[in-house]
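Down below is the structure, laid out as structure tokens.
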Amino acid sequence: MNYKDASLSIEARTEHLLGLMTLQEKVGQLVQLFGWKVYERNGGQITLTESFKEEAAQGKIGSLYGVLRADPWTEVTLETGLSPREGAETMNAIQRCAIEHSRLGIPILFGEECSHGHMAIGATVFPVPLSLASAWNLELYERVCRAIALETRSQGGAATYSPVLDVVRDPRWGRTEETYGEDPYLASAMAEAAVRGLQGERLDADDSVVATLKHFAGYGSSEGGRNSAPVHMGLRELHEVDLKPFRAAVRAGAKSVMTAYNEIDGIPCTSDPYLLTDVLWKQWGFDGFVITDCGAINMLVWGHDTAASPEEAAASALKAGVDMEMSGDMFRAHLEQAVLNGRVDMAVLDEAVSRILRIKFELGLFERPYVDPERAARIIGSREHAALARQAALEGIVLLKNKDRLLPLSKDGAGKIAVIGPNADNMYNQLGDYTSPQPRQNVSTVLDGVRNRLAHAPERVFYAPGCRIKDDSREGFDTAVETAAKADVVVLVLGGSSARDFGEGTIDLRTGASIVTDSPHSDMDCGEGIDRATLALSGVQRELAQEIAKLGKPLVVVYINGRPVAEPWIDERADAILEAWYPGQEGGNALADLLFGDANPSGRLTVSIPKDVGQLPVRYNGKRTTGRRYLETDTKPSYPFGYGLSYTEFEYGPLSLSDSEIAANGSTRVTVCITNKGGRAGAETVQLYIGDKVSSVTRPAKELKGFAKVFLAPGETREVTFEIGTEQLSFVGRNLEETVEEGEFDVMVGPHSADVQTVLLRVRGV
């Protein structure tokens, strides 16, 4: 038997290879280092560092993180980073070093960031997940994930640290943009689509990568919306809400899970055997491997303070169920000694190593460890992927308001248009966090999109930034007001920024020109580690809107941002509002398509937008016992979950149930007819909600249990049917088991969570 014999089973190959390994080599398979630190560029020459070559030869490195990552954190720039061809060539060189110069020739597992596109120079930047979820189009999202997997694998990346399955409880959290929103059912459906798209039909294909589910678990439920803060919830709620998308993704075949930084009820997730062993392996039958988030084991010693030493922290994480440490030194420096000191049984170490080796065999890395640089150069950032990014952006943008049908604007009859605001022409502000540096020509801003549409009449388009995102300077107000005064319609582009400092300089508020300065000013008010105490616009953006509104011009507000914006004054005064989230590289073109009616808005909210931060939590599926109104306001959001307008009108017919009474293990169907009553083709997202009227534990009044996005021509009618069975009627009971109780259920269908028709369903015991 030989582990290099591809005709043998993966289990046999894993067992044979494990038996040949030394303790040092076993620990090495659980070690992941920062990948961008293992190569150096000297002009056009790229070489591997001597330290990497030495450790690789000794079998001390099993995985590398972010070889292709480029951003201010890595200090890799457009000039110093790797082109698509160079990236593939460098990955081949690293792989060749590990295989040809180590005793056993075990290939490296390359892990890359791919939250909304392969985070490498030249790769396609898709809309952020919050935007992708707002499209409510699973087929489209799966295609996006297939494209991301193809670009990543073409350069040698074999694992991606996505999707993010955290359910958002408090949108002040800076990582809201990386999630699918506030609903566990929608997140579960998106998770399944992500796993299908990323992993494909088989992992050893040249367009498939390992999907890593993160952050396990409760990471989106931290106190105060602060990153990595403690989570307070019981086990029943944890299983009912936060674990639901993870369970769905594991059932879909996901091969990797990442632990969360936070603690739940005093237990750090990185050392919790209940989560990492009992739930994942024993209850769910997970058959992949568990990796930590970056530096998470360190927090057990310096942060959570549940371990007295690095060796104890490394041992507790491994024994709990962690198989690989992302880019830290705890396993690398202390795990071998923990085994020698008896803190960790060799059998526990062997199981973790086996999980890593099995994935490497499944990926086909032993048979095909290298990639084709020419193919990478051809695939990455292709026109086809740019077109897909544009479609994804189009479907994820939400029309929140359209007074007197101001939108769409006429390309010929709208007159002069002023495009104003800090996000009107700032390409990095529309790309979101976890984005690599981009050539300017690869990104379409809102100003670009409008100018492209009116290329036949460039004299009709004016521009002024007005202000920055966070800065308090009003020096650009006068220019912005003067510019807007010359126009017939104002498109005011406000919001936030998750852009780290890419060295692009800043904007001259009086001229709109980009200037390079030594100023440390940053516009970043969202993203990882950037949590806020408010949901109002940063800086003086509201004041800019107020000054522009005084002109009395028709006012279209476009939000480009990573979390909900609570601005009641703008909600009231703007004539039209578009929520674009971070729409990616094609965002400007997509917004122009919608502004001028070349496309019809079809996005729907996946997070409720409150009137005021003091209303939080304001999610649609809160408990019936949520309490009464506040002294100053009620508990209703400005815009509810599932909400979004269209340029056409949809009419819902009456609901009908195939059976109005079923057994607890039975099923029925609810049917409704949807008609496009307007003059434009459009898409409606029909949403199914279920409410258990009386249950043994307190429940929300309604929970999303199905949805269907239907495209209708003017005058067209389509019948939409949802199956209702155990999945839709069950909940997690006191014993932490899924159960369906007899009684009455409200079956609700409508365009959003606050506008539904209801029919009664009776469920009897089996």
Side-chain angles (χ1 to χ4, degrees), residues 34-37 41 65-82 112-113 115-123 125 128 173-178 227 294-295 327 421-448 465-473 475-476 493-509 511-532 537-541 560-563 581-585 587-588:
F34 288 135
W36 64 89
K37 293 187 176 182
R41 176 188 282 279
Y65 168 75
V67 172
L68 302 168
R69 178 171 176 166
D71 65 347
W73 183 59
T74 63
E75 299 181 340
V76 179
T77 67
L78 273 175
E79 293 72 29
T80 64
L82 303 170
E112 297 291 329
E113 294 288 357
S115 174
H116 55 110
H118 177 29
M119 193 179 173
I121 290 172
V125 183
V128 295
W173 184 43
R175 303 193 75 168
T176 295
E177 67 186 80
E178 298 179 54
N227 199 47
C294 184
S327 310
N423 277 349
D425 194 38
N426 189 322
M427 70 172 191
Y428 283 115
N429 282 9
Q430 74 179 46
L431 299 182
D433 205 359
Y434 283 94
T435 299
S436 63
Q438 300 294 314
R440 178 62 182 87
Q441 66 271 17
N442 284 12
V443 180
S444 164
T445 65
V446 178
L447 180 61
D448 293 333
C467 66
R468 301 184 182 93
I469 295 295
K470 286 168 54 179
D471 192 33
D472 290 335
S473 174
E475 64 178 326
V493 192
L494 307 172
S497 172
S498 291
R500 300 181 186 270
D501 182 9
F502 285 95
E504 297 292 313
T506 186
I507 295 174
D508 187 316
L509 297 179
T511 67
S514 179
I515 54 176
V516 178
T517 71
D518 294 328
S519 170
H521 175 80
S522 169
D523 266 346
M524 190 174 185
D525 71 347
C526 193
E528 182 174 1
I530 310 296
D531 312 311
R532 297 192 64 198
L537 289 167
S538 296
V540 293
Q541 293 184 81
I560 292 179
N561 48 293
R563 58 162 73 85
W581 307 121
Y582 293 132
Q585 70 178 55

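Relative ring orientation between Tyr428 and Phe502 is described as parallel, the plane-to-plane angle staying below 30° on a 0-90° scale split at 30° and 60°.
Applying the salt bridge (charged side-chain N to carboxylate O under 4.0 Å, His left out) rule to Glu475 yields the partners Arg510; only residues at least two apart in sequence or on another chain are considered. Checked against side chain to side chain donor-acceptor pair (under 3.5 Å), Ser436 has the following partners two or more places apart in sequence or in another chain: Gln438. In this structure Glu177 satisfies the side chain to side chain donor-acceptor pair (under 3.5 Å) test together with Ser498, sequence neighbours excluded. With sequence neighbours left out, Glu79 forms a side chain to side chain donor-acceptor pair (under 3.5 Å) with Thr77. Here Glu113 pairs with Tyr65 under the side chain to side chain donor-acceptor pair (under 3.5 Å) rule; sequence neighbours left out. In this structure, the salt bridge (charged side-chain N to carboxylate O under 4.0 Å, His left out) partners of Arg69, at least two apart in sequence or on a different chain, are Asp71. In terms of the side chain to side chain contact (heavy atoms under 4.5 Å, CB included) criterion, residue partners of Ile469 (sequence neighbours excluded) are, by chain and number, Pro422, Asn423, Asn429, Ser497, Asp523, Asp525, Ser538, Gln541. For Asp471, the side chain to side chain contact (heavy atoms under 4.5 Å, CB included) test picks out Arg468, Ser473, His521, with sequence neighbours left out.
The backbone N or O of Gly584 lies less than 3.5 Å from a partner atom in the side chain of Gln430, making a donor-acceptor pair. For Arg563 (side chain) and Thr176 (main-chain N/O), no donor-acceptor pair under 3.5 Å exists by modelled atom type. For Gln585 (side chain) and Leu431 (main-chain N/O), no donor-acceptor pair under 3.5 Å exists by modelled atom type.
The two residues Val446 and Val493 make their nearest non-hydrogen contact at CG1-CG2, 4.0 Å. Summarising the geometry of Trp36 relative to Gly66, their closest heavy-atom pair is CE3-O, 3.3 Å, with the distance given to 0.1 Å. Nearest heavy atoms, Asn227 versus Arg175: OD1-CD, 3.7 Å. Among all heavy-atom pairs drawn from Ala70 and Pro437, the shortest one is O-CD, 3.0 Å.
Between Cys526 and Asn561, every side-chain heavy-atom pair lies at or beyond the 4.5 Å cut-off. Looking at Pro583 and Ile560, their side chains come closer than 4.5 Å, going by heavy atoms from C-beta outward. Inter-residue side-chain proximity for Ser522 and Asp501 is flagged as unmet; no heavy-atom pair is nearer than 4.5 Å. Proximity of Val125 to His116: side-chain heavy atoms (C-beta onward) are separated by under 4.5 Å at one or more points.
Residue Lys37 qualifies as open at atom NZ: its count of foreign heavy atoms under 6.0 Å is 12 or below.
Here Trp73 contributes atom CH2 and Phe34 contributes atom CZ; the two are 4.0 Å apart, rounded to the nearest 0.5 Å.
Under the salt bridge (Lys or Arg N to Asp or Glu O under 4.0 Å) criterion, the residue pairs touching residues 432-445 are Asp425-Arg440, Asp433-Arg500, Arg440-Asp448, with sequence neighbours excluded.
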